[in-house]
Amino acid sequence: MARPNEDVEALLQEYADLIAITGGDAFKARAYEKAARAIGGHPGDVSRLDVAGLKEIPNVGTSIAEKVVEYVRTGRVEAVEESRARIPAGVRQLIAIPTLGPKKALTLYEDLHISSVDELADAIRAERLRGLKGFGEKTEQNILHGIDLMRQAGGRILLSTAAEAAEEIVAGLSRIPGCEQCAHAGSLRRMRDSIGDLDILVAADRPAPFMEALTELPSTAEVIAHGQKKTSVRTVKGVQVDLRVVRRDSWGAALQYFTGSKAHNIRTRTIAVRQGLKLSEYGLFGARGGRRVASRSEEEVYARLGLPWIPPALREDRGEIEAAQRGELPEVVTEADIRGDLHTHTDLTDGLAPLEEMVAAAARRGYAYYAVTDHAPNLYMQRMTDEKILAQREQLRALDGERRMRLLHGTELNIGPDGEVDWPDAFLAGFDLCVASVHSHFGLDRRAMTRRLVRACENPHVNIIGHPTTRLIGRRPGIDVDLDEVFAACARTGTALEVNAQPDRLDLGDEDILRARSHGAKFAINTDAHSIPHLAYLRYGVGTAQRGWLTPEDVVNTWPLRRLRGFLRKHPGG
DNA sequence: GCCGTTTTCGGCCCGACTGTTTTCAGTCG
């Protein structure tokens, strides 16, 4: 089984949804949700555990442990199958629509026999929802808007989903004899925030074994096209994968070509033409004689065009060609530059792992420092208190310095509608750093929202604006705010903007980062980890930062601790 | 369904907001 923890998490979440839709015990549904999250966030491989081992995971009891074992052994769970038989899959799709939950979904199914998003959209247009209990005009509009949002995502998948699928496929194909090189290309290699399909590239003499292998992978659900040079499949998770096999001596040109972007490639091909050359996926050729002048590596291809190698994340024709020609390409930040994570949670609030386990996992990543920033009291459901956070601080101080990693005690404050935060100044002064984020009142008008965020920046204790736009990719647009004013305020006050690495956030996104950087703002690339596996999401944040042209100088958590502490004091020039 | 120095039953993160109601259900964080 490929990604057992994620598979099990998805299955239990589905069961929780089905229980909720069928009007089952809400607490039972929540129990499955909690178990799903716990298993998704469990660092070990759950497919290797027996019932007793599984029960040691918090929120997993006998019943769920037995279902997990049943799933690992047989690939299915009888109880889930029974629920699936009662509720069509399309009904479950309905609750993915923002503002539409399980209760409304069941009403739509029972009263109007609606069992897909398309049917729902049609029914609203045909005014079939009129008179349905609990459905008014505004509800119809909200649902239609939610459906629009979903469709805008256009079947694109999250960066993390794409990366995990690609790595699995690359690993599988790399094992085949005759594989000289294998890698992913396309928008995944450029680390876009969502991915349409996967491009996998192999260098080998004989394409056939690789084409065959792709169609036979356990993750392959459907073969879309199966040819000599290209094979396309759809995975069980609905991701389209295009595989191309090239000869080894074309590897560099092919990788460059299939990495894109299209706009970047148009520029490189134009440069080739001006030099009397022709660039294709097979190589860089003399236009007349067709003699191959470069193709083995990307470096060689770029060099022959008079350019340094350009990091994939920059290849969007957003000025990287010109910068490269001037010799002014940014030395973009890499994962190795990051010295610590400045936004993380523990099980004191909604994280899964206790403090000492999160700290140990962070230390294993080789960080020089690490900040714990659990939620503040105004996120009421987390039930934070002064006593709890102070007790955590003591516990954290006791762990400080183990394995040479320094610990910072922080919190994630809630920015209220007026820009105020949870605690008074005197209490905030006790933290090493404060992240402040918008978690409510998403609908303020632009002026109020802008004033709100600027006020947060002006708070002398607020060091980082967490997930600044609060967008959720494919689910919720960012808040309506004058970002330029916020970015200017960040630069003026010494408040960093977060590049939140959670794959469904990636917030700020690349274009906003570029704008913020032009204001002179600083950044912090943070995982917002709620479990140990989340610490590895850092790479998606780094990729996003690279797309925003950030260098280590721009990113405060690449700095040595001493310099970071100076920044956290927010004194001008500090 | 999970959990327990309030334990084997009876709770379960709590409150705000929205839209539909006419006193509250549903959804969200």
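Lettering of chains follows the sequences in order, A, B, ..., and the numbering in each one begins at 1. Quick caveat: nothing in here was measured; it's all calculated off a predicted structure.
Using P as the reference atom, B:dG1 and B:dT5 are 23 Å apart when rounded to the nearest Å. Nucleotides B:dC13 and B:dT18 have their P atoms positioned 25 Å apart, rounded to a whole Å. Comparing the same atom, C1', in B:dC12 and in B:dT7 gives a spacing of 14 Å after rounding to whole Å. Across B:dT6 and B:dC2, the matching P atoms stand 23 Å from one another, rounded to whole Å. For the C1' atoms, the distance from B:dG10 to B:dC17 is 30 Å, rounded to whole Å. Annotation: B:dT21 and B:dG26 have their C1' atoms spaced 12 Å apart (nearest Å). Between B:dA16 and B:dG11, the distance separating the two C1' atoms is 23 Å to the nearest Å. The P atoms of B:dT27 and B:dT20 are separated by 13 Å, rounded to the nearest whole Å.
Here the side chain of A:His409 pairs no donor or acceptor atom with the backbone of A:Leu407 at under 3.5 angstrom. No donor-acceptor distance shorter than 3.5 angstrom exists from the side chain of A:Arg451 to the backbone of A:Gly419, with no hydrogens or angles considered.
Using a 4.0 Å heavy-atom criterion, one finds that A:Tyr32 contacts the sugar-phosphate atoms exclusively. Using a 4.0 Å heavy-atom cutoff across all strands shown, A:Lys133 reaches no nucleic acid atom at all.
Remark: A:Arg447 CZ is loosely packed, at most 12 non-hydrogen atoms of other residues, nucleotides or ligands lying under 6.0 Å away. Atom CD of A:Glu81 has more than 12 heavy atoms from other residues, nucleotides or ligands within 6.0 Å.
Comment: A:Glu140 does not engage A:Lys138 in a salt bridge, judged by the lack of any side-chain N to carboxylate O separation of less than 4.0 angstrom. Salt-bridge annotation for A:Arg471 and A:Glu511: absent, with no side-chain N of the basic residue lying under 4.0 Å from a carboxylate O of the acidic one.
Here B:dG19 sits opposite B:dC24 as a Watson-Crick or G-U wobble pair (both hydrogen-bonding atom distances under 3.5 Å).
At a cut-off of 3.5 Å, with distance as the only test, a side-chain donor of A:Asn414 or A:His439 sits close to an acceptor on the other residue.
Boundaries of the chain A contact region on DNA chain B are B:dG1 to B:dG29, first to last in 5' to 3' order (nucleotide atom under 4.0 Å from a heavy atom).
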